[in-house]
Number of protein chains: 2
Amino acid sequence: MNELAIPPESVAEDEQPKTLAEAAYRQLRRDIIEGLHRPGDKLRVEHLKDQYEVGAGTLREALQLLVTDALVVAQGQRGFRVAPISLDDFEDITRTRVLLETSALQQSIELGDDAWEANVVASFHLLSRAEDKLGDGGKCSREEWEQRNRAFHEVLISACPSRWIRHFQNILYHQSERYRRLSLFRQPIPRDVHAEHQAIVDAALARNTAEATRILTDHIMRTLEAVKRLPDELINR
Amino acid sequence: MNELAIPPESVAEDEQPKTLAEAAYRQLRRDIIEGLHRPGDKLRVEHLKDQYEVGAGTLREALQLLVTDALVVAQGQRGFRVAPISLDDFEDITRTRVLLETSALQQSIELGDDAWEANVVASFHLLSRAEDKLGDGGKCSREEWEQRNRAFHEVLISACPSRWIRHFQNILYHQSERYRRLSLFRQPIPRDVHAEHQAIVDAALARNTAEATRILTDHIMRTLEAVKRLPDELINR
DNA sequence: ATAGACGAAAATCTCGAGAAAAAGTATTGA
DNA sequence: TCAATACTTTTTCTCGAGATTTTCGTCTAT
């Protein structure tokens, strides 16, 4: 297991919530990323406390946690809102992700041991299977694909010793997940995503840093291009 | 002014607090960075609410805000602690800062206009003056020098259009401020810090990106070396 | 003497109500 | 008809008390 008591991990992902506030936080986060609460929407505590079945103060705390992830913005004395989205913001997110994730991958390739390699292969396999089942007709939810895609990218950089890079990367991944949902909702996962993942794995295991980071960059940037092609009204609301 | 309503800025720095929770948050942050609450210390709500003269729920909220800055860690059902410090952590912070800040400086040099140049020169001047007064015998508080040093570094990268990089950089700066206090408390500001700042300004205004980023990197890394030379008991507690 | 378990004390988490602020609505005057 | 003002409603912010959980000291048994 991971040693705890070290700051830069907002909340451990897999463990189950130990407090009502944290439970509400996770539900809210999912609902925001899924688009149930839309960008720019006002989040009224009085309404939401019933919906999520917690007290006002507790829900407030959950909202505060979401501010940490920059999925919610708090404005002085005027309550909370779902963080707005924009093309400029997504471009920023994407470029920053590239900066952090390539650096992390570079270190991961340099430092990763056998166990890391095994994890990379394993998570890639899980992701591939999810893609198969997804194309096969709803044998596998997109929820599950997202989960495995996330796991794959996380494992790739797991050998990077910098907790801070991983922490920031984590935040940015959640952010971009909101945008990716928009694009995946329209066009199902294109075929070449699998090929890109495969290429990254190959390069990483061959310890070919330059090649691996190059492909990863293209891979991330491609999502940006996909979102750019979306109709305006999906983004500017 | 800056347009608000955009997420990645935890709380606007200069404006005055609009809520009790935010006021408590700022006091607490200052006290943590100053070392009044020491790394690893438990932050008991029941005690602190009297000290900061707010209700329990309000103080709780202030603590939650500090979690965003990673100056405080919240552990499940076991309350809050001041984020611990370690040499490894500071090394991580420093390297990540270099990664982000050089990238930001690079873009700043590329995109900065006349107003940016003017701000760079101005903030450098203010910083230099603070250094003079500081060496001159306490005409100027170290508090003020910190403030201006911070402003200088912020202005340097202010022409970088990426809000996310600036946001992360902001967090890391606060973090490293804690460590820098440790080293500055012992040895007052060394003479060559001024020269380094001067060199950065010169290279930046000459639009010499390679040179500017190189000096900035050395500049940031030097603080790491200084902290590494500190006695162990200052860091590991 | 060490390990484990029981019980008391402290701290955290949670809730609902009251005070302060913002937003919305209606009224009045030009 | 429009603008400004006063009032009402909604929402946020703040506080203190009760329910759970953790923590710490003590006691017993091996």
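Sequence lines set the chain letters: A, B, ... in the order given, protein chains first and strands last, and positions in each chain run from 1.
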Round to the nearest Å and state the distance from [X] atom [atom1] to [N] atom [atom2].
X	N	atom1	atom2	result
B/Gln77	C/dT12	CD	P	11 Å
B/Lys18	D/dC13	NZ	P	13 Å
A/Arg60	D/dT11	CZ	C1'	10 Å
A/Glu46	C/dA21	CD	C1'	14 Å
A/Leu43	D/dT11	CG	P	13 Å
B/Glu61	D/dC13	CD	C1'	8 Å
A/Arg81	C/dA23	CZ	C1'	12 Å
A/Leu63	D/dT12	CG	C1'	12 Å

Note to self: If the condition is salt bridge (Lys or Arg N to Asp or Glu O under 4.0 Å), which residues does A/Glu46 pass it with, not counting sequence neighbours?
What the structure shows: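 With sequence neighbours excluded, A/Glu46 shows a salt bridge (Lys or Arg N to Asp or Glu O under 4.0 Å) to no residue whatsoever.
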Note to self: Does this structure show an ion pair linking A/Arg181 with A/Glu177, if we count only N-O contacts that are shorter than 4.0 Å?
What the structure shows: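 Yes, A/Arg181 and A/Glu177 are salt-bridged.
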Next item on the list: Could you tell me whether B/Arg229 and B/Glu225 make a salt bridge, using a distance below 4.0 angstrom between a side-chain N and a carboxylate O?
Entry: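 No, B/Arg229 and B/Glu225 are not salt-bridged.
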Next item on the list: Scan for ring-ring contact (aromatic ring centres under 6.0 Å, His included) pairs involving residues 47-77 of chain A, sequence neighbours excluded, and state none if there are none.
Entry: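 Residue pairs passing ring-ring contact (aromatic ring centres under 6.0 Å, His included), neighbours aside: none found.
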Any [X] side-chain N or O less than 4.0 Å from OP1/OP2 of [N]:
X	N	answer
B/Thr19	D/dT12	no
B/Arg44	C/dT12	no
A/His47	D/dT11	yes
B/Arg78	D/dT22	no

Check nucleotides 15-17 of chain D for protein N or O atoms closer than 3.5 Å to its own N or O atoms and list the pairs.
residue: D/dC15; atom: OP2; partner: B/Gly55; partner atom: N; Å: 2.7
residue: D/dC15; atom: OP2; partner: B/Thr58; partner atom: OG1; Å: 3.0

Next item on the list: Name the nucleic acid region contacted by A/Leu59, choosing base, sugar-phosphate or nothing; use a 4.0 angstrom heavy-atom cut-off, strictly under.
Entry: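 Result for A/Leu59 = nothing.
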Notebook entry, point to check: With sugar-phosphate meaning primed atoms plus P, OP1 and OP2, does B/Leu48 contact a base, only sugar-phosphate, or nothing at under 4.0 Å between heavy atoms?
Noted result: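 Answer is nothing: B/Leu48 stays at 4.0 Å or more from every strand.
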Which side-chain N or O atoms in residues 118-125 of chain B pair as donor and acceptor under 3.5 Å with protein atoms at least two apart or in another chain?
residue: B/Asn119; atom: ND2; partner: B/Ala115; partner atom: O; Å: 3.4
residue: B/Ser123; atom: OG; partner: B/Asn119; partner atom: O; Å: 3.0
residue: B/Ser123; atom: OG; partner: B/Val120; partner atom: O; Å: 3.2

Note to self: I'd like to check the ring-ring contact (aromatic ring centres under 6.0 Å, His included) partners of B/Tyr173; sequence neighbours left out, ordered by chain and number.
What the structure shows: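 Residues passing ring-ring contact (aromatic ring centres under 6.0 Å, His included) with B/Tyr173: none at all.
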Next item on the list: Quick one: which residue pairs count as a salt bridge (Lys or Arg N to Asp or Glu O under 4.0 Å) with a foot in residues 111-123 of chain A, not counting sequence neighbours?
Entry: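 Only A/Glu117-A/Arg207 qualify under salt bridge (Lys or Arg N to Asp or Glu O under 4.0 Å).
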